[in-house]
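These notes concern the structure reproduced below.
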Amino acid sequence: MDEIRITGDEAVLISRIRTIDRDLDELERQTREMVQRGLRGGGPMARLGEDRADADRAALLRERAELVERLKRSTGVG
């Protein structure tokens, strides 16, 4: 198998992508818990929490996509 070498900058991008993946997993877990408690679609406070979670998820997905593109450009992949 060929040895793969990455630069320090690429390692930082990979680390940030992994962190975002963990954050997205945590948001998903929190959403499941909210649904199990019956809060999703509930009163105004529940909807505010839901809206915030949706906005956080969208921001993380945008950042992740940007980082993946930067990593692809840096490595010449894709």
Side-chain angles (χ1 to χ4, degrees):
M1 180 179 249
D2 293 336
E3 186 175 316
I4 298 174
R5 294 180 189 265
I6 60 173
T7 67
D9 289 340
E10 291 165 349
V12 169
L13 291 173
I14 291 167
S15 177
R16 181 62 186 138
I17 291 167
R18 288 180 177 162
T19 298
I20 290 172
D21 288 342
R22 284 191 298 272
D23 293 346
L24 287 167
D25 288 345
E26 178 61 20
L27 279 173
E28 181 62 28
R29 184 192 64 75
Q30 290 173 1
T31 299
R32 279 194 312 269
E33 285 180 2
M34 194 169 28
V35 169
Q36 289 172 349
R37 289 191 313 256
L39 296 178
R40 191 162 182 88
M45 293 307 290
R47 283 193 295 280
L48 285 174
E50 182 180 327
D51 290 345
R52 183 67 191 153
D54 290 345
D56 289 347
R57 185 177 298 105
L60 286 170
L61 288 171
R62 279 191 304 273
E63 182 182 357
R64 187 184 190 287
E66 179 184 308
L67 292 170
V68 168
E69 284 303 314
R70 287 175 53 194
L71 184 60
K72 285 180 180 180
R73 283 193 305 270
S74 176
T75 60
V77 175

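Only heavy atoms go into these numbers, but all of them, side chains included; no hydrogens, no water, no symmetry mates.
Using a 4.5 Å cut-off between side-chain heavy atoms of Ile, Leu, Val, Met, Phe, Trp and Tyr, with links allowed through other members, V12 and L60 fall into different hydrophobic clusters.
Listed here is the closest heavy atom pair of L27 and A53: CD1-O, 4.3 Å.
How far CZ of R16 is from CZ of R18: 14.0 Å, rounded to the nearest 0.5 Å.
R5 meets the salt bridge (Lys or Arg N to Asp or Glu O under 4.0 Å) test with E3; sequence neighbours excluded. Residues forming a side-chain contact (heavy atoms from CB on, under 4.5 Å) with S74 (at least two apart in sequence, or on another chain): E10. In this structure, the side chain to side chain donor-acceptor pair (under 3.5 Å) partners of T19, at least two apart in sequence or on a different chain, are R22. By the salt bridge (Lys or Arg N to Asp or Glu O under 4.0 Å) test, D56 pairs with R52, sequence neighbours left out. Applying the side chain to side chain donor-acceptor pair (under 3.5 Å) criterion to E69, with sequence neighbours excluded, gives no partner residue. In this structure, D23 has no side chain to side chain donor-acceptor pair (under 3.5 Å) partners at least two apart in sequence or on a different chain. Taking E66 as the reference, R70 meet the side-chain contact (heavy atoms from CB on, under 4.5 Å) condition, with sequence neighbours excluded. Under the rule for a side chain to side chain donor-acceptor pair (under 3.5 Å), S15 has no partner lying at least two apart in sequence or in another chain. Listed by chain and number, the residues in a side-chain contact (heavy atoms from CB on, under 4.5 Å) with I17 are D21, R64, L67, V68, L71 (sequence neighbours excluded).
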